[in-house]
Undergrad: 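Sharing a structure, written as structure tokens. Questions coming.
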Amino acid sequence: MEQNHIQPPDKKTNPFAFFSLTVGIFALFACVSPPMQLFLGASALMAAYFSKNRQPMTGPAIAGTIMGICGILSSFVFLAFYILTIRMFDDPNYVAMHREIMRHYQDMLNSFTVK
């Protein structure tokens, strides 16, 4: 009796897809620097686009695309947060409130110290 051994087609790994995934992960964790996060997110999207090669996107390319988009969107959110924080310190009322919060925080830390 003869057995048919069906071999799956060779799937070559696409380096652009894995690069997109890697850069997308870095884009999500680069939240301390919105310009860097924007650059990494855009790089992840471009690498995912280059990985297509007239074929459907593979799993890593899709994940890299999603992470790149999330990285770009979160860079705008963090940038807006930084701008809002800086603008808050222009108002004297917020500066006084911030000093009061810091004084309470320092008092709380001083109460935990060993005497």
Side-chain angles (χ1 to χ4, degrees):
M1 183 180 253
E2 188 177 317
Q3 293 180 342
N4 287 335
H5 293 283
I6 300 174
Q7 294 180 346
D10 291 335
K11 288 188 176 184
K12 294 180 181 178
T13 58
N14 192 339
F16 279 117
F18 286 104
F19 179 74
S20 172
L21 177 63
T22 305
V23 173
I25 291 170
F26 285 131
L28 289 178
F29 290 112
C31 58
V32 294
S33 175
M36 182 63 126
Q37 194 174 23
L38 181 66
F39 172 73
L40 290 173
S43 298
L45 288 177
M46 288 190 303
Y49 178 75
F50 290 145
S51 74
K52 283 178 65 168
N53 262 356
R54 296 185 185 115
Q55 297 174 0
M57 285 184 149
T58 59
I62 293 170
T65 301
I66 292 169
M67 289 182 199
I69 290 170
C70 290
I72 290 172
L73 292 177
S74 64
S75 74
F76 288 121
V77 169
F78 281 112
L79 184 63
F81 177 73
Y82 290 153
I83 291 172
L84 178 68
T85 303
I86 291 170
R87 297 280 306 215
M88 277 178 51
F89 285 119
D90 289 341
D91 188 5
N93 293 330
Y94 286 117
V95 173
M97 181 183 69
H98 182 262
R99 285 187 182 147
E100 184 67 22
I101 290 171
M102 288 291 124
R103 188 181 62 75
H104 286 297
Y105 179 70
Q106 187 65 40
D107 292 342
M108 184 180 67
L109 283 178
N110 290 338
S111 69
F112 289 123
T113 59
V114 178
K115 296 179 182 180

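Computed from heavy atoms alone, side chains included, the values below leave out hydrogens, waters and symmetry copies. One is the number of the first residue; the rest follow in order along the sequence.
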Undergrad: Got Leu79 and Leu38 here, is their nearest side-chain heavy-atom distance under 4.5 Å?
TA: no
Undergrad: Are Ile69 and Ile66 connected in a single hydrophobic cluster, I mean Ile/Leu/Val/Met/Phe/Trp/Tyr linked by side-chain heavy atoms less than 4.5 Å apart?
TA: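 Ile66 and Ile69: separate clusters.
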Undergrad: Return yes when atom CE of Met57 has more than 12 non-hydrogen atoms of other residues, nucleotides or ligands closer than 6.0 Å, and no otherwise.
TA: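 Yes - once you tally the heavy atoms of other residues, nucleotides and ligands closer than 6.0 Å, there are more than 12.
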Undergrad: To the nearest 0.5 Å, how far apart are CD1 in Ile101 and CZ in Arg99?
TA: 13.0 Å
Undergrad: Nearest heavy-atom pair of Pro60 and Leu21: which atoms, and what distance?
TA: O-CB, 3.8 Å
Undergrad: Heavy atoms only: give me the nearest Thr65-Ala48 pair and the separation to one decimal.
TA: OG1-CB, 3.1 Å
Undergrad: Show the nearest heavy-atom pair for residues Gly64 and Ser20, with the distance to one decimal.
TA: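 Heavy atoms of Gly64 and Ser20 come nearest at CA-OG, 3.3 Å.
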Undergrad: How close do Val23 and Ser43 get, counting heavy atoms only, and between which atoms?
TA: CG1-CB, 3.9 Å
Undergrad: If you measure from CE on Met102 to CE on Met97, what distance do you get to the nearest 0.5 Å?
TA: 10.5 Å
Undergrad: Starting at CD1 of Ile25, measure out to CG of Leu40 and round the result to the nearest 0.5 Å.
TA: 12.0 Å
Undergrad: To the nearest 0.5 Å, how far apart are CD1 in Ile83 and CZ in Phe78?
TA: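 Rounded to the nearest 0.5 Å, the CD1-CZ separation comes out at 14.0 Å.
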Undergrad: Please find the pair of heavy atoms, one from Ser74 and one from Gln37, that lie closest to each other, and give the distance.
TA: OG-NE2, 2.7 Å
Undergrad: Taking atom CZ of Arg87 as the centre, does the number of heavy atoms from other residues, nucleotides or ligands within less than 6.0 Å exceed 12?
TA: no
Undergrad: Under 6.0 Å from the OH atom of Tyr82, do we count more than 12 heavy atoms belonging to anything else shown?
TA: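 Enclosed: over 12 neighbouring heavy atoms sit under 6.0 Å from OH of Tyr82.
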Undergrad: Please find the pair of heavy atoms, one from Phe16 and one from Ser51, that lie closest to each other, and give the distance.
TA: CB-CB, 3.6 Å
Undergrad: Roughly how far, to the nearest 0.5 Å, is the CD atom of Gln106 from the CE atom of Met108?
TA: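 Interatomic distance, Met108 CE to Gln106 CD, rounded to 0.5 Å: 9.5 Å.
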Undergrad: Given the rule that I, L, V, M, F, W and Y join up when any side-chain heavy atoms are under 4.5 Å apart, are Ile62 and Leu45 in one cluster?
TA: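 They do not share one cluster, since no chain of ILVMFWY contacts under 4.5 Å joins Ile62 to Leu45.
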